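Sequence lines set the chain letters: A, B, ... in the order given, protein chains first and strands last, and positions in each chain run from 1. Being a predicted model, the structure only gives us computed values, none of them experimental.
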Protein chains: 2
Amino acid sequence: MDIKKLFLDNPWKSRAYLERNGIKVGYAKIKLTPTRLADGSHRHNGDVAIYDTSGAWADADFHFDISRGLPKLRLKWVESRGDTTICGESVRSAKHPFGGRKILKGAPGRRPTQMWYARRGIITPEMEYVAARENLAALNGVSGKCSSNAPRNSLCMQHDGRALGWRGAKAEMTPEFVMGELASGRAIIPANINHLELEPAIIGRNFLTKINTNIGNSSMASSIDEELEKMLWAVKWGSDTLMDLSTGSDISETREWILRNCPVPVGTVPLYQALEKVGGVAEDLSWEIYRDVLIEQAQQGVDYFTIHAGVLRKFIPAAARRMAGIASRGGSIMAKWCMAHNRENFLYEHWDDICDICSAYDVAFSIGDGLRPGAIADANDSAQFGELEVQGQLCRRAWDFDVQVMCEGPGHVPMHMVSENMRRQFEWCSEAPFYTLGPLVTDIAAGYDHITAAIGGAIIAWGGTSMLCYVTPKEHLGLPERDDVREGVVTFKLAAHAADLAKGVEGAQYRDNAMSLARAEFRWRDQINLSLDPERAEAFRMKNDAEFTRDNASMHHCTMCGPKFCSMRASMEIKEAFGGENLGGCSAMEELNDE
Amino acid sequence: MDIKKLFLDNPWKSRAYLERNGIKVGYAKIKLTPTRLADGSHRHNGDVAIYDTSGAWADADFHFDISRGLPKLRLKWVESRGDTTICGESVRSAKHPFGGRKILKGAPGRRPTQMWYARRGIITPEMEYVAARENLAALNGVSGKCSSNAPRNSLCMQHDGRALGWRGAKAEMTPEFVMGELASGRAIIPANINHLELEPAIIGRNFLTKINTNIGNSSMASSIDEELEKMLWAVKWGSDTLMDLSTGSDISETREWILRNCPVPVGTVPLYQALEKVGGVAEDLSWEIYRDVLIEQAQQGVDYFTIHAGVLRKFIPAAARRMAGIASRGGSIMAKWCMAHNRENFLYEHWDDICDICSAYDVAFSIGDGLRPGAIADANDSAQFGELEVQGQLCRRAWDFDVQVMCEGPGHVPMHMVSENMRRQFEWCSEAPFYTLGPLVTDIAAGYDHITAAIGGAIIAWGGTSMLCYVTPKEHLGLPERDDVREGVVTFKLAAHAADLAKGVEGAQYRDNAMSLARAEFRWRDQINLSLDPERAEAFRMKNDAEFTRDNASMHHCTMCGPKFCSMRASMEIKEAFGGENLGGCSAMEELNDE
């Protein structure tokens, strides 16, 4: 795996930084080519700044050595708060080289969580960081000038007259705004004090829609190297968080490699490791075994835990009567445990203990939806919504411990039943961020379920869901490989971006406008580089025109239509006939956006 | 190209027929495997009937010879109406063997259009045919028992309190209902009296959502053979209509091959051939040249024409000021012509003449949207909506001639602006079927624009759009090839199906339920065969499990999770613990559907 090549293969894209109160905030810049004017002269086009999840991997000056890990960006931030103690040291293993790392924990009586700070009016560097990187309009120098196509006649989901999708009247993207959202529980910054390599990201409906990538081996396939490669691919293509769902061998070692090298928040389902510890026999699980796993993972630096504490005994009969039963691994494990012991879910009963552990490391919760529907026929049933109500109770209880919370949702849900999910979650979970798998809007598209899920995902994100869990083409058929990760990530980036446009996120449309202008001006190189997946766009373009090369990127037609039938070419002539030279550059983009 | 293999490679899927009043109606059957019960015995699962667009190509008894063409299914139907005359005979050419075909035309004073018959209360065999093939519930023997998940809390688009998406209170799917929809203009059966090879299909919002595939060469790429192969791929994967957008050489010959072998309605943009005739110089176009092309294509059997008659002079300045100008080929050609001649669009001025010609052959109109937005920034602007209003006028005028009409729409439109398109089209075009390209909900996903467009397409189809024009991954980058056609068709099949589920189309969910039950019961073979693309599903499944074979299709886990983490396996145990044997077979599907 040539990591340097993976991240630095595009000479028109580069890692950039800005400084805010001494904090270096990373983003990416796409360099555009000039516009050729009718008189043969050229007009300069400014860079387009975009949100970037690659971290130092996209920095040409980086060491690119996975055995050394990413720089500990947050070390000084965490230390300077003075509310943590060292509770141990990581041990190098035969399977990873990361020994000697000091393990941090909240000092006695302290909860070093972003929610705790926010509630006390403290702006952390993490809050500063996300405020800067979220502000696409400012990054492009068009604040107040590059608003998106304002929502009009919108179908945006509503609840009691409030749009669930977006903050509506524009609040400025400031650290203070971020703090307010965290304090209210409407947003989270998953950032374990032991994951110092993280570039902070915020998840909440008043911010850019985020996406998550699931990776992880199973007992039957994959290795540490393959999972590391998937992680790097995920952040290269733009994944905002990563879940390591490994269930096979080397769970701890795989996770150590990932955490030390991953620039985005990492989530897990601790139940999987607990189940491995009891040889895969769900009935043999216990709170003590589970607790030890929580602590191990919290000390390693996992940023959020999926915890299936809402799968209560009383919901199981309804779930058993379903067409597809219980589709969630965690849900089915806990249901089996409850039935075997004839007792309530131990995660529910030990919720306060779990909150206590997580508040000491700032591990956020992703309260699991163990009873999500696995079939269209099962959507929005009593088992699913029964659990969702419990998720809300668990959420509010976690807030008592200053633990950050998001709630998991969907699965298979037809389009007309999507909004009910969003509205109930909004109400029952007190506006905590919603994090959904899809939803998949039909059952019959095996091999194309990334698309089935992107349709539902775009709709629910527009409605206010804060993060979408990607789905790959392998869903229902097998374990995703590297190329599936790319396909899934790019698909969900486009779904999330579509939602941001529909929500009217300031600055989100800037890249679309740059792309459309590049199309109108036959700047093929820029069209490729402004795409979510420039490599694929270029490959498709070159495949169709053997004569298309990097040096010949401004030809005024393509094989699609040929020169005589090219509408963009005709449009250019029509525009010229209307006296004006062709529109070009960012100034024109701003003008159009102002209309 | 081994056509027989292309259509008959799946031994579990076969062409079936039912008879209605002496009319043989084609559909497809998927044979399911039995369910293994806990006691080791087996339960039979009935076939699943699905809508099929393959025509005789999927019939094992067919001759499979493209030089002989498809059987002339409609010959007797058209002849028996006694309202046509023979106006010529096709001539064999060096590039196609289809000579000696009698060319039909409406007898003097007669308009042999499906709308004409419907308005007079005449039920044609074409109407009988579509009523039978649309009735998925009846095909599966579950009429009244297998309704879909009833729409509740739906976001379904509304206009003046009417749901635009679906007929609401269930009207029975009868020939009489079809006739009423045709008479009102709410639906069309594109079926030229010279395309006798056609299996009739209906396009309207109270029927299954349809999809169209664009194929066609350009001056720079592709051959007759390649286009024929794309056509066969399109109908194999489920395309409901086909547009031949060829602009290169051999336009007429390519179309002849396609029409004689295509079991679904074929549309064209006659302007393209007209432009070829004047050497690609838009300014040299004239009504006379265009008229001759219309007549040639009508006599060949083209079922619907895209005509850009709504691109009026007054809209051009607004279109020229746009970010992406005029994205439609037809629109840009007509705009150039109007500007060069300083005259109104000759297609608009000769609309009555065009109606006259088309009514004599029953060529339906797809009134073009020459000013559709090519960029998010241009969505829903005055040029686009100005044209849409004119499309409505043209539509009503065509109805005066008993010509069937649908209207084309979208392009690039962000999600929150989609519903406005549907509502205005519904109102301005008097409920004529809407036929949209996408919409594409962002500009930045080159290489993935089939997905961008499927998101918008699913939303607008749910809102009442009758047919979606597919988009392939090559959109904006090059001419789609065979594999792109497959990717585009399957993607839009799933979007259209998602819309049918959301609209609550009776029987649409039957296949989803069959799939979900196959998942719950580890019937892998059935999961593969019930997928929209069984070949891909099987390839993905086999890639992940070397041990997975056709003979071993019921293994109770896969590499995704391995046996210990398999939620479906756990669900099966939980269901068994609840006393009931595992749910199985179609009776269980019906029960669940009844709830």
Region of B/Ala499 in contact with chain A, defined by heavy-atom distances below 4.5 Å: both

Toward chain A, the part of B/Pro473 with a non-hydrogen atom under 4.5 Å: both

Separation of [Y] [atom2] from [X] [atom1] (nearest 0.5 Å):
X        : Y        : atom1 : atom2 : value
A/Phe578 : B/Arg321 : CZ    : CZ    : 8.5 Å
A/Leu440 : B/Leu494 : CG    : CG    : 10.0 Å
A/Arg536 : B/Leu477 : CZ    : CG    : 10.5 Å
A/Arg511 : B/Asp443 : CZ    : CG    : 11.0 Å
A/Met323 : B/Asn513 : CE    : CG    : 4.0 Å
A/Asp512 : B/Ile444 : CG    : CD1   : 5.0 Å

For chain A, which candidate among [options] shows the most heavy-atom pairs at distances under 4.5 Å?
options                                : value
B/Ala335, B/Ala319, B/Gly330, B/Gly325 : B/Gly325
B/Gly457, B/Ala454, B/Gly456, B/Ala282 : B/Ala454
B/Val490, B/Val441, B/Thr491           : B/Val490
B/Pro534, B/Ala375, B/Ala498           : B/Ala498

Donor-acceptor contact below 3.5 Å, side chain B/Ser567 vs main chain A/Ala327: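 It does hold such a pair.
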
Any donor-acceptor N/O pair, A/Lys575 side chain to B/Arg322 backbone, under 3.5 Å: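 Yes: the side chain of A/Lys575 pairs with the backbone of B/Arg322.
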
For the student: nearest non-hydrogen atoms of [X] and [Y], plus distance:
X        : Y        : result
A/His497 : B/Thr442 : CD2-OG1, 3.3 Å
A/Ala446 : B/Ala537 : O-CB, 4.1 Å
B/Ser332 : A/Ile574 : O-CD1, 4.1 Å
B/Glu487 : A/Tyr448 : OE2-CE2, 4.0 Å
B/Ala570 : A/Lys336 : CB-CD, 3.7 Å
A/Met568 : B/Ile326 : CE-O, 3.7 Å

[X] versus chain B, the contacting section by heavy-atom distance below 4.5 Å:
X        : value
A/Asp449 : side chain
A/Ile316 : both
A/Pro317 : both
A/Thr452 : both
A/Ile333 : side chain

For A/Ala458, side-chain contact (heavy atoms from CB on, under 4.5 Å) partners two or more places apart: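 side-chain contact (heavy atoms from CB on, under 4.5 Å) list for A/Ala458, sorted by chain: A/Ala495, B/Met415, B/Ile455.
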
Criterion side chain to side chain contact (heavy atoms under 4.5 Å, CB included) on A/Phe540 and B/Glu475, from CA distance to verdict: CA-CA 10 Å; A/Phe540 281 3; B/Glu475 184 77 12; over 6 Å; no

